[in-house]
Amino acid sequence: MAAYRISPALQRVLHAVKHAAFRSRCCIIVSRAQYSTVYDHNEKTFDKILIANRGEIACRVMKTCKKMGIKTVAVHSDVDANAVHVKMADEAVCVGPAPTSKSYLNMDAIMNAIRQTGAQAVHPGYGFLSENKEFAKRLAAEGVSFIGPDTHAIQAMGDKIESKLIAKAAKVNTIPGFDGVVKDADEAVRIANEIGYPVMIKASAGGGGKGMRIAWNDEETREGFRFSSQEAASSFGDDRLLIEKFIDNPRHIEIQVLADKHGNALWLNERECSIQRRNQKVVEEAPSTFLDPETRRAMGEQAVSLAKAVNYSSAGTVEFLVDSRKNFYFLEMNTRLQVEHPITECITGLDLVQQMIRIAKGFPLQHTQAEIPINGWAIESRVYAEDPYKSFGLPSIGRLSQYQEPLNLHNVRVDSGIEEGSDISIYYDPMISKLVTYGATRAEALKKMEDALDNYVIRGVTHNIPLLREIIVHPRFISGDISTKFLPEVYPEGFKGHQLTATGRKELLATAASLFVAAQLRAQKFLGDLRVSNTQQERRSWELCVELEKGVHMLGVSRSGATYTVEIDGDKLEVSSDWNLASPLLTVTLNGIHRTLQCLSRNAAGEISLQYLGTTFKLRVLSKLAAALSVHMPEKVPEDTSSILRSPMPGTVVAVSVKAGDTVAEGQEICVIEAMKMQNSMTAAKTAKVRSVHCKPGETVGEGDLLVELE
């Protein structure tokens with residue numbers, strides 16, 4: 001039989017037909033977004049824009065382009081050939097293999113894609129080439145518009161040393177520190193002692209928390225210099241570092257600015273970004289609970305002064321650290337669209353991507369400072385494919401076997417670049433989506449976020465929803481008593497998931513018991529009828545044994561229609577639901593209180609995994625007889641992990657510091673694993689002799705892979 005090759009043009013048509021439903025869904029998402037900008041199709045900007053990025057930010061830019069009537073071009077690596085942003089675009093060009101240095105950072109390939117497609121402008125999103133002055137120069141040389149600031153502003157603000165000097169000259173408050181490049185670890189120690197501990201070591205060309213370390217003594221300074229320079233070189237191709245005073249217990253508050261090519265500049269209020277792990281933001285909100293109008297105005301005016309000092313034109317963000325007395329200090333300026341820009345769009349009504357496109361074409365700003373409002377409150381949770389029980393989030397990889405965004409809820413926005421079946425790979429950032437909720441008040445936005453997290457279905461990868469949900473319901477967060485140290489202060493022993501109260505425990509036990517009975521009853525029927533016509537009447541009561549967190553509970557369950565009455569330790573709970581066991585979401589009413597749980601798994605042995613209040617709990621439900629017999633089953637002996645070191649995440653081995661026969665001390669570094677551009681030091685759990693080493697530099701390892709054995 002002859003083999004037929006489908007042409008690229010036909011492939012694009014088939015993609016368009018296959019994903020027509022997805023495109024409709026994108027329109028629904030945009031219609032739910034809180035900005036209400038009018039798109040004037042008579043205002044001519046560009047015919048075609050290439051988005052030099054991937055994932056959710058590429059999809060986000062494309063949504064606005066489509067509303068403006070602009071055609072879009074996607075670039076992608078070979079592993080991203082079927083990615084959502086590729087399917088959304090009007091055209092797509094492969095720019096290389098999976099590693100970012102060979103694809104999304106490959107300027108030659110991207111320039112060729114621009115020539116090939118005839119794109120008139122490039123939107124860089126964030127990360128990758130978004131703050132690369134050489135890329136902007138090459139675009140200008142080709143006569144292609146860069147949707148961002150000019151090269152002078154990128155260079156000035158992209159270099160943290162130069163930007164600090166400019167900020168000082170513009171009378172912007174700055175943090176005390178060393179205004180120069182740190183040459184080596186010895187000089188870093190000397191400077192740190194001159195400034196006084198603690199100090200922040202960070203990449204001069206960095207951002208996004210990469211290449212940043214806090215040091216409290218000389219040893220940590222040397223270690224921080226090594227890791228920060230390596231991360232900086234890996235992420236930005238620039239290993240220069242600077243050192244400044246670390247302001248203990250600050251808030252991280254940033255000001256969104258917008259400036260055109262005609263000398264006009266605005267500040268679009270602030271975003272509170274203090275909830276962080278490893279200097280990367282986790283939950284953001286706008287506005288901040290901490291700022292008063294006077295401080296907000298002072299920060300906004302200084303941000304605009306800095307923008308004007310470098311003739312800035314586009315959307316940009318000026319980040320500040322704010323202490324408990326509302327003193328604020330310039331941290332850095334991001335010369336690009338910020339990850340958390342949706343919450344600013346929610347409270348101001350402006351589409352920042354549209355504004356960037358208009359400015360790049362040369363149009364003046366449409367608003368004055370007095371016209372920029374604060375309407376309502378917006379919260380953003382960054383949903384990541386990572387394990388929150390490991391250092392508040394180490395990356396996870398895998399395929400999304402089931403995926404359902406909570407877009408059925410009002411005032412919920414999800415910016416994502418994945419769909420059911422998508423792969424979260426080792427090569428790129430593990431973000432799944434940005435989940436945004438909006439309300440007239442902060443309390444309303446927070447309650448909406450609770451509901452959205454409970455209704456978010458993610459299967460196939462480990463995710464951080466348990467942590468996100470615990471953060472937004474924590475009393476300190478609700479009261480606004482937060483800082484960049486929130487997570488280590490609230491969870492000093494690490495995140496352990498939701499801690500059940502007595503009431504919560506009973507709710508969970510009652511739900512599991514009711515679900516077990518409902519599943520049993522369904523198994524006895526075929527197409528709604530009893531499987532055996534002469535069987536006895538359906539049972540109305542059960543005695544069950546439920547195991548939860550090493551506790552054993554005897555329960556009595558009685559049924560009336562779709563409602564079960566569960567007796568636990570003398571208390572009775574009424575549990576009602578439609579008991580749709582095929583749905584990933586389980587909407588349950590417990591004594592009049594509505595809950596949305598998720599049944600992640602259940603099997604014939606009575607084992608049930610339920611996601612309750614964000615956290616997954618494993619239960620075992622048995623009949624009274626089965627429980628009596630189960631005590632005779634042998635238990636699996638847990639592995640002794642003190643003598644072995646396994647990789648806590650998928651990644652690449654950067655360095656191995658030991659060999660067989662070496663003696664290591666407890667806490668000594670054994671190897672370094674790089675995952676999603678972050679370097680992590682693996683240490684020995686005890687003092688022992690190295691028996692064998694099972695990894696080498698450059699090798700790729702998976703989560704749980706054996707690295708080193710100790711005697």
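Along the sequence shown, the residues carry numbers beginning at 1. Heavy atoms only: backbone and side chains are in, while hydrogens, waters and symmetry mates are out. Just so it is clear, the model here is predicted, and its values are computed rather than measured.
No salt bridge links Glu380 with Arg413; every basic N to acidic carboxylate O contact stays at or beyond 4.0 Å. Between Glu294 and Lys326 no salt bridge is recorded (no basic side-chain N to carboxylate O distance below 4.0 Å). A salt bridge does not link Arg251 to Glu270: none of the charged nitrogens lies less than 4.0 Å from a carboxylate oxygen. A salt bridge links Arg190 to Glu194: one of the charged nitrogens lies within less than 4.0 Å of a carboxylate oxygen.
Glu254 meets the side-chain hydrogen bond (donor to acceptor under 3.5 Å, both in side chains) test with Arg271, Lys281, Gln338; sequence neighbours excluded. Taking the side-chain hydrogen bond (donor to acceptor under 3.5 Å, both in side chains) definition, one finds that Ser288 meets it with Glu272, sequence neighbours left out. Every residue meeting the side-chain hydrogen bond (donor to acceptor under 3.5 Å, both in side chains) condition with Asp159, not counting sequence neighbours, appears here in chain and number order: Ser204, Arg240. With sequence neighbours left out, Asp150 forms a side-chain hydrogen bond (donor to acceptor under 3.5 Å, both in side chains) with no residue at all.
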Arg222/Asp186 under salt bridge (Lys or Arg N to Asp or Glu O under 4.0 Å): CA gap, chis, key distance, verdict:
CA-CA 7 Å; Arg222 292 183 184 280; Asp186 290 335; 2.6 Å; yes

Checking Arg213 against Glu223 for the salt bridge (Lys or Arg N to Asp or Glu O under 4.0 Å) test, could you report, in this order, the C-alpha distance in whole Å, the side-chain angles of both residues, the deciding distance, and whether it holds?
CA-CA 9 Å; Arg213 289 289 191 283; Glu223 184 180 81; over 6 Å; no

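The ring-ring contact (aromatic ring centres under 6.0 Å, His included) analysis of residues 252-299, with sequence neighbours excluded, yields no pairs.
No more than 12 heavy-atom neighbours from other residues, nucleotides or ligands sit within 6.0 angstrom of NZ on Lys171.
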For residues 303-316, please give each side-chain donor-acceptor pair under 3.5 Å, one per line with the distance, not counting sequence neighbours.
from	atom 1	to	atom 2	distance (Å)
Ser305	OG	Glu301	O	3.0
Tyr312	OH	Ala315	O	2.8

